[in-house]
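Numbers here simply count residues along the sequence, with the first being 1.
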Amino acid sequence: MNTNKLRYIVAVDRFGSMTAAASAIHVSQPSLTRTVAEVEKELGIALFERRARGVIATPQGRSIIDRAARILADIERLDLDAKEFRAYRESHLRLCISPPPLITLMNPALPQLLTHYPSLKVDIKSVSTEQAISLLRAGDSELIIGPMRALEERREFKIIPLQPFDAYFFTRRDHPLTNKRAVSSKHILNYPLVLPERDGASPEITNRLFGDTEIPPDHPIHIIGHFPLACEVVAATDAVATVGQNYLQNREFLKRFTILGFTSAEKLSVCCAHRQEFELSAPASALVNILAS
């Protein structure tokens with residue numbers, strides 16, 4: 001039993017004759033008649049009572065035909081829902097950035113994307129690596145921008161390498177470190193650190209910045225996943241936080257903060273990740289191309 005057979009018997013019931021039904025659904029009358037006979041043979045019952053001026057459903061046929069009509073209506077609704085969801089995916093971009101410092105990658109990329117898709121609605125979540133993976137798996141995010149090492153281990157994701165990410169430490173403008181001619185990682189460890197997450201890629205970024213210098217286990221660390229709040233903490237205290245390379249030219253940021261003059265010798269490998277079984281929407285593909293260029 002397939003949907004074409006269901007459509008045929010529903011059409012015959014609706015139009016009351018084989019000839020009228022065949023004309024309405026654009027098939028030959030012999031083909032439709034033959035298909036109805038096949039369905040009756042499969043079911044072992046007569047669906048229609050043949051009369052001189054057409055056909056009418058038998059009592060047993062009525063039950064089958066009504067059920068077929070409900071099935072076809074459900075299929076049509078499912079098809080409409082699928083079309084609506086495809087349209088939604090093309091008009092909405094949902095992605096996760098992990099760890100939050102990587103949000104700076106979006107500074108030049110997002111405005112460029114929105115010039116190509118002015119009606120696009122963007123939902124960006126800056127979350128921990130594990131949260132980003134959970135959202136992607138659940139279908140609540142289409143794309144992750146995150147560290148290569150943490151994401152390439154997930155076999156269910158397709159990985160698209162991006163340009164390496166360079167991170168820097170920053171402080172408030174009148175911080176004691178800004179008076180030093182040369183700042184080292186050991187100098188920074190005299191002050192509290194602000195990290196977006198305790199596990200995942202944020203410590204990896206920080207460890208790359210510190211190099212061979214180890215962070216003492218009891219060193220004061222604030223875990224603040226919201227970058228604007230982290231900035232307020234840095235502005236009000238002696239804490240030191242990390243920021244991406246795109247902020248080196250951000251005039252508004254540099255009015256309040258000083259980016260310290262050293263970075264890691266080895267940049268962080270970052271990538272885009274999405275579920276293997278799904279193709280990216282056009283806006284998501286465009287964003288990946290912008291980030292990878």
Q. Which heavy atom of I224 sits nearest a heavy atom of A230, and at what distance?
A. CG2-N, 3.8 Å

Q. Any Lys/Arg nitrogen of K83 or D79 sitting under 4.0 Å from an Asp/Glu carboxylate oxygen of the other?
A. yes

**Q.** D123/K121 salt bridge by N-O under 4.0 Å criterion
**A.** no

**Q.** Shortest non-hydrogen contact from A286 toward L113
**A.** CB-CD1, 3.7 Å

Q: Looking only at non-hydrogen atoms, find the nearest pair between L43 and I64 and report the distance.
A: CD1-CG2, 3.8 Å

(Q) For E152, is the CD atom crowded, meaning more than 12 foreign heavy atoms sit under 6.0 Å from it? (A) yes

Q: Please tell me if the side chains of Y117 and L93 come closer than 4.5 Å, counting only heavy atoms from C-beta onward.
A: no

Q) To the nearest 0.5 Å, how far apart are CG in L287 and CD in E142? A) 10.0 Å

Q. Would you say S98's side chain and T129's backbone share a donor-acceptor pair under 3.5 angstrom?
A. yes

Q: For T58 and F48, work out which heavy atoms get closest and say how close.
A: CG2-C, 3.7 Å

Q.
Are the side chains of F227 and V243 in contact, using a 4.5 Å heavy-atom criterion?
A. yes

(Q) How close do A132 and C96 get, counting heavy atoms only, and between which atoms? (A) CB-CB, 3.7 Å

Q: Determine, for D66 against R70, whether the closest basic-nitrogen to carboxylate-oxygen distance falls under 4.0 angstrom.
A: no

Q) I145 versus C272: any side-chain heavy-atom pair under 4.5 Å? A) yes

(Q) Check whether T178 reaches the backbone of H175 with its side chain - one donor and one acceptor, N or O, closer than 3.5 Å. (A) yes

Q: Side-chain contact test, heavy atoms from C-beta onward, threshold under 4.5 Å: evaluate it for F15 versus S23 and give yes or no.
A: no

Q: Apply salt bridge (Lys or Arg N to Asp or Glu O under 4.0 Å) to R50 and list each qualifying residue two or more places apart in sequence or on a separate chain.
A: E40

Q. So which heavy atom on K180 is nearest to which on V183, and how close?
A. CB-CG2, 4.1 Å

Q.
Are the side chains of R7 and I25 in contact, using a 4.5 Å heavy-atom criterion?
A. no

Q: Assess whether atom NZ of K5 is packed by more than 12 heavy atoms of other residues, nucleotides or ligands within 6.0 Å.
A: yes

Q) Is there a side-chain contact between L254 and R251 (heavy atoms, below 4.5 Å)? A) no

Q. Judged by atom type as modelled, is there a donor-acceptor pair below 3.5 Å linking the side chain of R94 to the main-chain atoms of G139?
A. yes

Q.
A side-chain contact here means heavy atoms from C-beta on lying under 4.5 Å apart; do Y247 and F257 qualify?
A. no

Q) Are E38 and K41 ion-paired here, with the side-chain N under 4.0 Å from a carboxylate O? A) no

Q: Check the pair L110 / I124 against side chain to side chain contact (heavy atoms under 4.5 Å, CB included), numbers first and verdict last.
A: CA-CA 10 Å; L110 186 58; I124 301 176; 4.0 Å; yes

Q. Are the side chains of H274 and F157 in touch, meaning some heavy atoms are under 4.5 Å apart?
A. no

